[in-house]
Amino acid sequence: MPTLILIDGSSYLYRAFHALPPLSNAAGEPTGALFGVVNMLRATLKAQPDYAAFVTDAPGPTFRDELYPQYKANRPPMPDDLRAQIEPMHAIVEALGLPILRVPGVEADDVIGTLARQAASQGIEVIVSTGDKDFAQLVGPHVRLVNTMTNTTLDEAGVAEKFGVPPARIVDLLALMGDSVDNIPGVEKCGPKTAAKWLEQYGSLDGVMEHAGEIGGKIGENLRRALDHLPLSRRLATIKTDVALEYAPTDLVLRPRDTGKLRALYTRYGFATALKELEGATVANGSDAGAATLREAAHAAEEAPHAALGGPGNYELVTTQAQLDAWLDKLRRAALISFDTETTSLDPLRAEVVGVSFAVEAGHAAYVPLAHDYPGAPAQLDRAAVLAALKPLLEDPAKPKLGQHAKYDINALEKYGIAVRGLAYDTMLESYVWNATATRHDMDSLAKRYLGVDTIHYEDVAGRGAKQIPFSQVDLDSACRYAAEDADITLRLHLALWPKLEATPTLRHVFERIEMPLVPVLARMEQRGVLVDAAELKRQTQDLARRQHQAQRRAYEVAGREFSLDSPKQLQAILFDELGLPAAVKTPTGQPSTNEEALEAIADQHELPRLILEYRGLAKLRSTYTEKLAEMVNPRTGRVHTSYHQAVAATGRLSSSDPNLQNIPIRTEDGRRIRRAFIAPDGWKILAADYSQIELRIMAHLSGDAGLLAAFHGNQDVHRATAAEVFGLPQDQVDANQRRAAKAINFGLMYGMSAFGLARQLGIGRAEAQDYIARYFARYPGVKAFMDATRERAARDGYVETVFGRRLYLEDIRARNQARRAGAERAAINAPMQGTAADIIKRAMIAVDAFLAGRDDAHMLLQVHDELVFEVRADAVQTIAEAVRARMAGAAELDVPLVVDIGVGANWDEAH
DNA sequence: GTCGATACGTAC
DNA sequence: GACGTACGTATCGACG
């Protein structure tokens with residue numbers, strides 16, 4: 001019987017691009033994907049089919065985009081390196097004599113589906129050459145799939161075995177599973193196994209949907225929630241087989257190949273094996289000249305990156321002095337040095353440096369192993385000597401350097417006496433400033449998003465979990481591939497990201513004047529650490545534990561049995577099932593909540609809720625704070641060294657972890673006591689400086705509201721002033737309750753709170769809360785106008801800005817889902833204020849750090865969003881206090897004064 | 001053992 | 001559904 005091979009060109013190109021290293025030819029043109037496609041095509045054509053076609057997607061929207069506007073909306077734009085290979089691919093396919101099909105308005109899949117159906121009905125044997133599982137729906141008596149990755153074929157029995165359902169049920173399976181790549185919604189938590197199980201049980205998607213009520217558990221709920229969109233998902237997953245085409249299967253005959261053109265193309269792209277085959281030469285190893293599958297192609301390419309493929313993609317393992325000297329020379333001449341360190345720990349203060357890597361041009365990088373230590377490890381250059389040779393370069397502020405999360409490397413190198421200067425760019429921060437929420441900002445995520453590249457992951461070379469080995473035990477070849485790639489990818493990311501930032505002056509300003517200068521400041525704060533009185537924490541732990549056990553014993557008595565006070569599930573059973581107390585609050589999953597609000601609501605009906613609250617409070621303080629902080633004291637320094645994260649918070653704030661020193665308790669007496677353990681050395685004091693009402697001041701500035709501006713210019717108690725306005729009283733007649741209400745309104749508005757929320761917060765009726773808000777907006781019309789304008793701007797631009805031009809993109813601002821959109825609007829209201837406050841304190845930190853440089857009487861230790869904490873030699877307190885105050889207050893010129901409150905004491909509690 | 005989801009609670 | 005931004009602990013169930 002005649003055969004037809006239909007080649008899914010788009011899938012080949014993508015798969016080859018991601019499966020192969022970023023190869024390029026001598027001219028620097030990217031060739032990796034091309035190489036994979038060419039090898040695949042040569043292997044495919046060896047089968048000498050009667051008919052064949054290379055099918056790709058035509059540009060422009062398809063009927064699926066019309067059905068579902070979010071179709072493939074999550075796909076990153078095609079990487080430039082891949083786009084560049086499309087034209088050459090078509091040229092080669094053309095020269096090979098293969099018909100190329102592109103049909104506007106449908107996808108390649110639909111063209112293939114239609115041709116396969118037609119051909120099969122004419123008694124032609126069809127082979128669909130693809131790596132895409134979606135094609136399993138086309139398989140039938142005369143249609144098979146060839147998987148390009150494994151070179152295996154899939155017939156009807158194969159589909160049933162692999163997916164657990166016959167080809168006719170594949171679309172149902174795909175609809176249930178969804179497809180995150182194409183952004184097709186399925187049933188949450190439903191994978192191939194669950195989907196197949198349901199289809200087995202109920203026959204089809206319609207059957208599953210009819211019986212959705214019978215399926216229990218969380219996943220049953222997910223299924224019921226998905227019911228509305230499942231028919232659409234099935235339509236999207238269904239490959240069309242009735243596209244009107246200009247060709248019949250029998251038109252798809254191969255033309256003779258154009259040997260001259262092929263020779264030129266193979267030569268240009270450096271495809272040596274293909275060239276040899278073309279010239280009829282035999283191949284040395286006797287096996288197929290071109291690797292038949294992508295896996296083989298990838299293998300071949302990795303083994304011989306220097307051979308025919310030439311040029312970039314070269315990672316050099318540096319183990320001799322001559323090699324090092326050559327690289328030092330390169331680094332000295334380079335306009336920009338991309339560098340990275342490999343170490344033994346995620347904690348840079350505990351980390352040993354085991355190697356360094358460099359790149360100065362894309363695709364070309366070196367790894368210098370310094371302390372790899374495993375049986376049979378080759379000799380390496382001496383760490384001290386190499387670091388000494390690098391020191392002048394790394395410390396030279398005039399030698400611009402580039403890193404990915406370079407604060408880590410700066411900290412790791414510090415203990416080797418290297419004080420990195422001249423860090424000009426950090427790709428993590430470039431990405432963060434460009435778009436803080438589009439992606440995480442680790443290198444693997446960035447490479448995927450901005451380069452379309454799958455990097456080698458740390459786990460790939462070092463393992464994970466209990467099986468993880470220190471990087472010093474990774475073999476040199478793997479280490480080189482991984483580490484050199486890090487430096488290379490960092491450089492390539494910079495080449496992709498910097499032009500975008502540079503072209504946007506406001507973002508460039510945030511990057512150059514705020515984020516980059518902050519990096520060494522944060523590194524110094526982390527290195528310094530804060531002195532902690534571990535003995536005091538131990539005493540507190542003892543005290544808390546004693547009271548915790550007391551509360552626990554009493555709770556068991558009251559409940560009549562023992563149970564885990566730490567388990568919300570068990571608490572729920574006792575409180576609401578056994579004791580029959582009313583459940584005032586529900587968790588997001590619909591369970592009766594046992595949180596503080598819910599327990600307070602029933603505290604007058606039973607003794608147990610109060611005991612649980614007591615226990616919880618004590619348990620929290622002990623496990624999260626007193627015990628944990630004592631553990632986290634670094635034995636080398638006697639201090640606690642937090643990590644600050646500069647590319648995490650959507651608004652531009654910093655965050656802190658290991659331990660988090662930005663959420664040390666202050667509101668309750670038991671909690672505040674923990675701050676007494678944050679101390680200064682003998683003869684030194686703790687100085688705490690915080691901005692007074694900074695976000696409200698920024699709201700006054702941004703809104704230009706006359707009343708609010710006046711309150712701050714008059715240095716009034718803003719909550720009292722607000723209460724006076726809202727309740728129509730002179731300020732001296734405002735009572736404590738009215739001030740409390742006004743404070744709740746002021747804060748609530750900044751967070752986009754509704755009347756519902758305010759009512760709940762204040763324990764008043766919704767109508768009353770609405771009345772407060774109406775009166776507030778009547779007295780402060782500028783605030784109302786500002787909030788409306790912010791919502792509108794967010795909807796129009798898709799982002800909002802801080803005073804300094806930092807942007808926050810709001811993914812959901814145009815969402816059709818009401819709740820998501822409302823959430824995005826609240827974030828849009830809050831972000832300019834929270835973000836401007838973050839910008840201001842970052843500017844202040846840079847200024848204060850510059851003032852402290854070269855002094856030995858004060859160190860900046862902590863930042864807690866609107867507060868800076870220092871240790872100051874006792875005799876310098878006055879000087880430092882005024883210098884800090886001046887720099888914090890002067891960090892921005894707003895239409896309101898910035899007021900800074902300063903306290904000094906023996907510990908952090910006293911300094912407030 | 002590890003991982004992710006959930007619930008809860010601390011800060012600004 | 002209802003207040004923005006974070007991080008840490010504990011429990012619990014799935015997974016291997």
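First the proteins, then the strands, lettered A, B, ... as listed; each starts at 1. Here the structure is a predicted model, which means the values were calculated and not measured.
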S.K.: Which part of the nucleic acid, if any, lies within reach of A:G757 when heavy atoms closer than 4.0 Å are counted: base, sugar-phosphate only, or nothing?
M.R.: sugar-phosphate

S.K.: Taking NZ, NE, NH1 and NH2 as the nitrogens, is one of them in A:R760 or A:E597 under 4.0 Å from a carboxylate oxygen of the other?
M.R.: yes

S.K.: I want to confirm an ordering. Mapping A:Q834 and A:A819 to their closest nucleotides on DNA chain C, which one lands closer to the 5' end?
M.R.: A:A819

S.K.: Are the aromatic rings of A:Y691 and A:H865 close, with centres under 6.0 Å apart?
M.R.: no

S.K.: Contact class for A:L758 (heavy atom, under 4.0 Å): base, sugar-phosphate, or nothing?
M.R.: nothing

S.K.: Scan A:R760 against the nucleic acid and name what it touches under 4.0 Å (heavy atoms): base, sugar-phosphate only, or nothing.
M.R.: nothing

S.K.: Select base, sugar-phosphate, or nothing to describe what A:Q818 touches, counting heavy atoms under 4.0 Å on all strands.
M.R.: nothing

S.K.: Just checking A:Y776 against A:Y772, ring centres under 6.0 Å apart?
M.R.: no

S.K.: Just checking, any donor-acceptor pair under 3.5 angstrom between side chains of A:S431 and A:R440?
M.R.: no

S.K.: Ignoring backbone atoms, establish whether A:S754 has a side-chain N or O less than 4.0 Å from OP1 or OP2 of C:dG1.
M.R.: no

S.K.: How is A:R826 classified with respect to the nucleic acid when contacts are heavy atoms under 4.0 Å: base, sugar-phosphate, or nothing?
M.R.: sugar-phosphate

S.K.: With a 4.0 Å cutoff (strictly under), does any side-chain N or O of A:Q662 reach OP1 or OP2 of C:dG8?
M.R.: no

S.K.: Just checking A:A822: base, sugar-phosphate only, or nothing, at a heavy-atom cut-off of under 4.0 Å?
M.R.: nothing

S.K.: Counting any heavy atom closer than 4.0 Å, what does A:N663 reach on the DNA or RNA strands: base, sugar-phosphate only, or nothing?
M.R.: base

S.K.: Kindly say whether, by distance alone, the side chain of A:R616 makes a donor-acceptor pair under 3.5 Å with the base of B:dC8?
M.R.: no

S.K.: Students often get this wrong, so: under 4.0 angstrom with heavy atoms, is A:E695 touching a base, only sugar-phosphate, or nothing?
M.R.: nothing

